[in-house]
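One structure below.
Protein chains get the first letters and strands the later ones, always in sequence-line order, with residue 1 at the start of each. The structure displayed is predicted, hence computed values, not measured ones.
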Amino acid sequence: MMSIRFISGFVFGAGSGIAAFKFYTFEEQKNVKENADLSSIQRLIGRFGFPQSGADTRFYHNHVLSYDQARRTPRWVAEHLSAQRLLGEVDRKHCRFKSDPDVPDRFSAQNEDYFRSGWSRGHMAPAGDNKSSIEAMAETFYLSNIVPQNYENNAGFWNRLEMYCRELTERFSDVWVVSGPLMMPAPTDDGRKIVSYQVIGKHDVAVPTHLYKLILVQKDPGSLALGAFIIPNAPLGFDHTLAEFQVTISELERLTGLHFFPELDRPEQIPSLCEHDSCDLMDFRRFTLYISGRKIKSAMNLQKLEKILKELEEKGITPDEYLREAYQRKRREILEREEQQMKNDGAER
DNA sequence: CGGACTTCTTCA
DNA sequence: TGAAGAAGTCCG
């Protein structure tokens, strides 16, 4: 969590409605004890305090969230993206998933809950949005920012959706993203509706049936576009489009019970993101080339390097110029390193 | 980019 | 000596 100084700076500097909410609950509690206008009955009901959900808004370096203490997942996670803030070279390999130090143990998820559960630990605020700061990226690995997510969905469709959000900063100066888990009612054979979900591990971490993402973009002041999406927490291949999962913001609010962007004027009047922009996720070829490029960068020897190219060929994809260049550069790097190694070994003898 | 899982190291 | 953290290997 951020320091008190940061939070108060946020309140007085930016005048955020979210931060103001913290103050509101604080004042509310104070009223219970000190407000003389409360009836004696009301004071008596609250004699030992009222139940607290711990639903306070939690602030981190580059994301803000509300945590669900019963489900051991976030309720929502908010970010602001811009081209400038996406810059950086911080590597996620230096980060590790861990319990959020500010969530009490009895309400917290642990790594063991996810281990061999059949579900992956899916970021809501992505690590890839935080390459500018090691502290910010490390905080996204807190389990308060994580939900149990289908492996293939996480590495595939959802991954491409996150890439699309980053890509939006090339066309819009400001991008706001809110992400979170969702439990959708499912109809039964006899016409009833039932919400059911798996829980995993000793701490019963709730597995969402769906994930949602709400994207608000702005190019110039006053020119906004908005897209709300509900994605099944299941494998989704390249035969699905993002647009087919779009819903209205009021439908998303109905399902989540959350009022998003409460300071935003007439959300239903705002142009649809998919009409204003493309909502095109990376296609199979581009995505595979991109992943191969990342793998080439991390290849440690020639065998691994050749394997990456061979797998591409098997998929029927011919490397583009960027990938060929990355391959040649890595190949020279490995050969030089091996040559240096030989010299060092010779000198030791 | 998104992950899991195993093995090695460290340290009380 | 055993648990926790760091590093390495693997996959989509």
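Using a 4.5 Å cut-off on side-chain heavy atoms (C-beta onward), V205(A) and R71(A) make no contact. By the 4.5 Å heavy-atom criterion applied to side chains, H123(A) and N145(A) are counted as neighbours.
Nucleic acid contact class of F97(A) (heavy atoms, under 4.0 Å, all strands): sugar-phosphate only. Within 4.0 Å of R121(A), counting heavy atoms only, lie sugar-phosphate atoms of the nucleic acid but no base atom. Within 4.0 Å of Q149(A), counting heavy atoms only, lies no atom of the nucleic acid at all. Residue-level contact check: G122(A) touches the backbone only, with heavy atoms under 4.0 Å from sugar-phosphate atoms and none from bases. Using a 4.0 Å heavy-atom criterion, one finds that R166(A) contacts the sugar-phosphate atoms exclusively. Among the heavy atoms of the strands, none lies under 4.0 Å from Y114(A).
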Going 5' to 3' through nucleotides 7-12 of chain C and flagging B where a protein heavy-atom sits under 4.0 Å of the base, S where only the sugar-phosphate is that close, and - otherwise, we get ---SSB

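L211(A) has its CG atom 15 Å from the P atom of dG2(B), to the nearest Å. The CG-P distance, from L281(A) to dC1(B), rounds to 18 Å in whole Å. Regarding N111(A), its CG atom lies at a distance of 11 Å from the P atom of dC5(B), rounded to whole Å. One can place OH of Y322(A) at 12 Å from C1' of dC1(B), the figure rounded to the nearest angstrom. Going from atom CG of D91(A) over to atom P of dG3(B) covers 13 Å, rounded to whole Å. The interatomic distance linking R294(A) (CZ) with dG2(B) (P) rounds to 9 Å, in whole Å. Remark: C1' of dC1(B) and CZ of R92(A) are 8 Å apart, rounded to the nearest angstrom. When the P atom of dA3(C) is taken as reference, atom CD of E112(A) falls 12 Å away, rounded to whole Å.
Side-chain rings of F229(A) and Y164(A) stay apart, their centers remaining 6.0 Å or farther from each other. Proximity of the aromatic rings of H203(A) and F107(A) is defined here by a centroid distance below 6.0 angstrom, and this criterion is not met. Side-chain rings of F115(A) and F97(A) stay apart, their centers remaining 6.0 Å or farther from each other.
A close approach under 4.0 Å does not occur between any side-chain nitrogen or oxygen of H123(A) and OP1 or OP2 of dC1(B).
Note: F284(A) and F238(A) have perpendicular aromatic rings, judged against thresholds of 30 and 60 degrees for the angle between ring planes.
With sequence neighbours left out, R331(A) forms a salt bridge (charged side-chain N to carboxylate O under 4.0 Å, His left out) with E306(A).
A residue-by-residue look at M137(A) and Y151(A) shows that M137(A) has its nearest nucleotide of DNA chain B further toward the 5' end.
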